[in-house]
Amino acid sequence: MKRKRVLVTGGAGFIGSHLCEKLLEKGNDVVCMDNLFTGQKDNIRHLMDNPYFEFIRHDILEDVYVECDQIYNLACPASPIHYQYDPIKTGKTSVIGALHTLGLAKRCHARILQASTSEVYGDPEIHPQPESYRGCVNPNGIRSCYDEGKRMAETLFFDYKRQHGVDIKVIRIFNTYGPRMRSDDGRVVSNFIVQALRGQDITIYGDGKQTRSFCYVDDLVEGMMRMMNSRDGFTGPVNLGNPGEFTMLELAEMVIRMTGSKSKIIYMPLPQDDPTQRKPVIDLAKKELDWEPTVALEDGLVKTIEYFKSVI
Ligand code: NAD
Ligand code: UDP
């Protein structure tokens with residue numbers, strides 16, 4: 001068997017490290033590129049001895065020269081506190097990162113997959129969200145560096161396909177959780193679990209009635225790989241997420257019950273432009289990729305709680 005040379009940008013991050021692991025299991029030759037802004041060597045330490053795994057510490061804002069057959073472009077901080085830490089760099093990472101990886105794909109004739117996001121729908125007026133919905137995004141708010149950066153990256157992907165015939169695939173990832181999220185990640189699942197395990201107050205932003213749909217990381221990675229290997233000409237964008245929908249209050253109560261925590265719920269101000277509802281329509285993923293999530297929220301939370309117990 002000829003091993004495919006696969007580049008994963010952002011490969012030392014939460015999702016990227018799970019993807020690298022699965023790609024190696026399937027017999028690929030994996031190059032993981034990351035600047036370790038939010039990623040960690042600990043996420044990939046268990047892969048370092050594998051001769052078909054290489055780690056390159058590199059910032060995607062610099063040119064990329066790696067011979068490869070497939071590229072998964074994940075480099076970009078994903079948690080609001082991390083992408084808002086240096087919003088100008090976040091915008092550059094999405095846009096220049098897309099340009100650099102697309103340029104590489106063009107030169108190497110590689111197939112390239114972009115990790116886009118449900119954030120392209122902004123605070124959606126249509127519920128649930130199909131891929132055809134064009135979104136309701138604030139162009140100059142505190143989330144815009146991420147949302148508009150990812151929207152521009154999608155534009156560049158489709159322009160590289162139209163103008164240069166690059167073989168693109170675009171997925172829109174909905175809230176994904178699981179082991180290897182950072183304990184200081186700031187996203188809701190990791191925050192609630194870490195707070196519950198430490199006996200700290202559980203911080204609900206706003207009234208807790210806003211909804212999200214949570215996908216376990218193993219399900220997502222399976223969908224990503226199916227998309228990468230999907231039929232020629234199927235570019236997406238395709239939603240990848242779990243259609244189960246929960247309020248943040250329901251999530252907080254579930255985490256408190258499952259951890260047996262004595263933590264109390266407290267309410268804090270809702271950040272600007274925080275979407276009120278989010279749930280994917282996944283008919284396209286079902287049809288084209290024969291994919292749908294298999295891990296229920298409660299089962300995924302069991303594994304994630306076990307992970308955080310082992311690291312904090
Ligand atoms: P993460 O922060 O754990 O991973 C992002 C990785 O990119 C990190 O390892 C980080 O160090 C690296 N990175 C950031 N800027 C970089 C740069 N300039 N050069 C090189 N590497 C850089 O987040 P994640 O949850 O694993 O997200 C991975 C991808 O999936 C991101 O592109 C994110 O936008 C997308 N996504 C994630 C979710 C989710 O719920 N987890 C939802 C939608 C989209
Ligand atoms: N959230 C919360 N408490 C926290 C962290 C987040 O109530 O400690 C809320 C946040 O306001 C949002 C939802 O949980 O409504 C999901 O937030 P997250 O940052 O995980 O993802 P995103 O908003 O990007 O979907």
Side-chain angles (χ1 to χ4, degrees), residues 8-20 32-41 43-44 56-62 64 72-86 89-90 92-94 96-98 100-101 113-121 123 143 146-147 149-150 153 171-178 180-182 185-195 200-215 217 220-221 224 239-241 246-249 251-252 255 265-278:
V8 181
T9 76
F14 156 54
I15 295 173
S17 62
H18 287 274
L19 177 64
C20 288
C32 164
M33 179 185 289
D34 203 298
N35 70 349
L36 300 183
F37 173 49
T38 50
Q40 311 177 87
K41 276 193 180 168
N43 287 345
I44 49 168
I56 304 175
R57 190 191 287 226
H58 180 86
D59 196 302
I60 200 73
L61 298 191
E62 305 296 328
V64 182
Y72 289 85
N73 185 34
L74 275 65
C76 185
S79 160
I81 57 166
H82 291 135
Y83 72 63
Q84 288 165 19
Y85 168 76
D86 184 348
K89 170 130 189 186
T90 299
K92 281 186 184 173
T93 296
S94 269
I96 299 173
H100 283 163
T101 50
L113 179 146
Q114 167 67 359
S116 189
T117 168
S118 54
E119 289 286 328
V120 301
Y121 302 124
D123 190 3
R143 294 176 85 99
Y146 183 77
D147 299 11
K150 289 282 187 181
I171 58 170
R172 292 182 178 154
I173 303 172
F174 284 63
N175 297 64
T176 298
Y177 70 98
R180 299 199 202 124
M181 295 184 91
R182 295 168 63 120
D185 180 272
R187 282 177 280 187
V188 69
V189 174
S190 46
N191 265 14
F192 285 2
I193 293 176
V194 170
Q195 289 163 345
Q200 298 166 341
D201 292 338
I202 307 274
T203 54
I204 288 190
Y205 303 159
D207 60 10
K209 291 188 184 139
Q210 70 272 38
T211 67
R212 294 292 186 275
S213 301
F214 297 104
C215 186
V217 64
L220 178 78
V221 166
M224 292 175 92
N239 288 341
L240 293 182
F246 297 85
T247 66
M248 295 312 99
L249 191 55
L251 178 69
V255 169
I265 290 175
I266 60 164
Y267 292 88
M268 296 176 66
L270 188 68
Q272 187 197 347
D273 293 334
D274 199 283
T276 46
Q277 52 182 359
R278 183 180 291 154

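Numbering of ligands and ligand atoms starts at 1, following listing order. Quick note: residue numbers are just sequence positions, from 1.
The protein atom (non-hydrogen) at minimum distance from atom 18 (P) of ligand 2 is Val188 N, 3.9 Å. Regarding atom 7 (O) of ligand 2, its nearest protein heavy-atom neighbour is Tyr205 N, 2.8 Å. The protein atom (non-hydrogen) at minimum distance from atom 21 (O) of ligand 2 is Asn175 ND2, 3.4 Å.
Contact of the Ile44 side chain with the Cys32 side chain is registered, since non-hydrogen atoms from C-beta on lie closer than 4.5 Å.
Formation of a donor-acceptor pair under 3.5 Å by the Lys150 side chain with backbone atoms of Ala115 is found in this model.
Here Ser213 pairs with nothing under the side-chain hydrogen bond (donor to acceptor under 3.5 Å, both in side chains) rule; sequence neighbours left out. The salt bridge (charged side-chain N to carboxylate O under 4.0 Å, His left out) search around Arg143 returns Glu119, Asp274, not counting sequence neighbours. Residues satisfying the ring-ring contact (aromatic ring centres under 6.0 Å, His included) test with Phe174, not counting sequence neighbours, are none.
Counting the atoms of ligand 2 from 1 in the order shown, those under 4.0 Å from a heavy atom of Asn191 are 4 (C), 5 (C), 8 (O). Numbered from 1 in the order shown, with element, the atoms of ligand 2 that lie under 4.0 Å from a heavy atom of Gly186 read 5 (C). Residue-ligand proximity, Arg278 to ligand 2, at heavy-atom distances under 4.0 Å covers atoms 22 (P), 25 (O). Taking every heavy atom of Pro80 and a limit of under 4.0 angstrom, the matching atoms of ligand 2 come to 19 (O), 24 (O). The atoms of ligand 2 that sit less than 4.0 Å from any heavy atom of Ile204 are 7 (O). The atoms of ligand 2 that sit less than 4.0 Å from any heavy atom of Arg143 are 22 (P), 23 (O), 24 (O).
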Dump the pairs for me: ligand 1 N or O, protein N or O, distance under 3.5 Å, to 0.1 Å.
{"residue": "ligand 1", "atom": "2 (O)", "partner": "Thr38", "partner atom": "OG1", "Å": "2.6"}
{"residue": "ligand 1", "atom": "3 (O)", "partner": "Phe14", "partner atom": "N", "Å": "2.9"}
{"residue": "ligand 1", "atom": "7 (O)", "partner": "Cys76", "partner atom": "N", "Å": "3.3"}
{"residue": "ligand 1", "atom": "9 (O)", "partner": "Gly13", "partner atom": "N", "Å": "3.0"}
{"residue": "ligand 1", "atom": "9 (O)", "partner": "Asp34", "partner atom": "OD1", "Å": "3.2"}
{"residue": "ligand 1", "atom": "9 (O)", "partner": "Asp34", "partner atom": "OD2", "Å": "2.5"}
{"residue": "ligand 1", "atom": "9 (O)", "partner": "Gly39", "partner atom": "N", "Å": "3.2"}
{"residue": "ligand 1", "atom": "11 (O)", "partner": "Asp34", "partner atom": "OD1", "Å": "2.6"}
{"residue": "ligand 1", "atom": "11 (O)", "partner": "Asn35", "partner atom": "OD1", "Å": "3.3"}
{"residue": "ligand 1", "atom": "11 (O)", "partner": "Phe37", "partner atom": "N", "Å": "3.0"}
{"residue": "ligand 1", "atom": "11 (O)", "partner": "Thr38", "partner atom": "N", "Å": "3.1"}
{"residue": "ligand 1", "atom": "11 (O)", "partner": "Gly39", "partner atom": "N", "Å": "2.9"}
{"residue": "ligand 1", "atom": "13 (N)", "partner": "Asn35", "partner atom": "OD1", "Å": "3.4"}
{"residue": "ligand 1", "atom": "18 (N)", "partner": "Asp59", "partner atom": "OD1", "Å": "3.0"}
{"residue": "ligand 1", "atom": "18 (N)", "partner": "Thr93", "partner atom": "OG1", "Å": "3.3"}
{"residue": "ligand 1", "atom": "19 (N)", "partner": "Ile60", "partner atom": "N", "Å": "2.9"}
{"residue": "ligand 1", "atom": "21 (N)", "partner": "Asn35", "partner atom": "N", "Å": "3.3"}
{"residue": "ligand 1", "atom": "21 (N)", "partner": "Asn35", "partner atom": "OD1", "Å": "3.3"}
{"residue": "ligand 1", "atom": "25 (O)", "partner": "Arg187", "partner atom": "NH1", "Å": "3.0"}
{"residue": "ligand 1", "atom": "25 (O)", "partner": "Arg187", "partner atom": "NH2", "Å": "3.1"}
{"residue": "ligand 1", "atom": "26 (O)", "partner": "Phe14", "partner atom": "N", "Å": "3.4"}
{"residue": "ligand 1", "atom": "26 (O)", "partner": "Ile15", "partner atom": "N", "Å": "2.8"}
{"residue": "ligand 1", "atom": "32 (O)", "partner": "Leu74", "partner atom": "O", "Å": "2.8"}
{"residue": "ligand 1", "atom": "32 (O)", "partner": "Lys150", "partner atom": "NZ", "Å": "2.8"}
{"residue": "ligand 1", "atom": "34 (O)", "partner": "Tyr146", "partner atom": "OH", "Å": "2.6"}
{"residue": "ligand 1", "atom": "34 (O)", "partner": "Lys150", "partner atom": "NZ", "Å": "2.9"}
{"residue": "ligand 1", "atom": "40 (O)", "partner": "Thr176", "partner atom": "N", "Å": "2.7"}
{"residue": "ligand 1", "atom": "41 (N)", "partner": "Arg187", "partner atom": "NH1", "Å": "2.9"}

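Every N/O-N/O distance between Arg187 and ligand 2 stays at or above 3.5 Å.
Of the candidates Ile81, Thr203, Asp273, Asp201, Thr203 brings a heavy atom nearest to atom 3 (N) of ligand 2.
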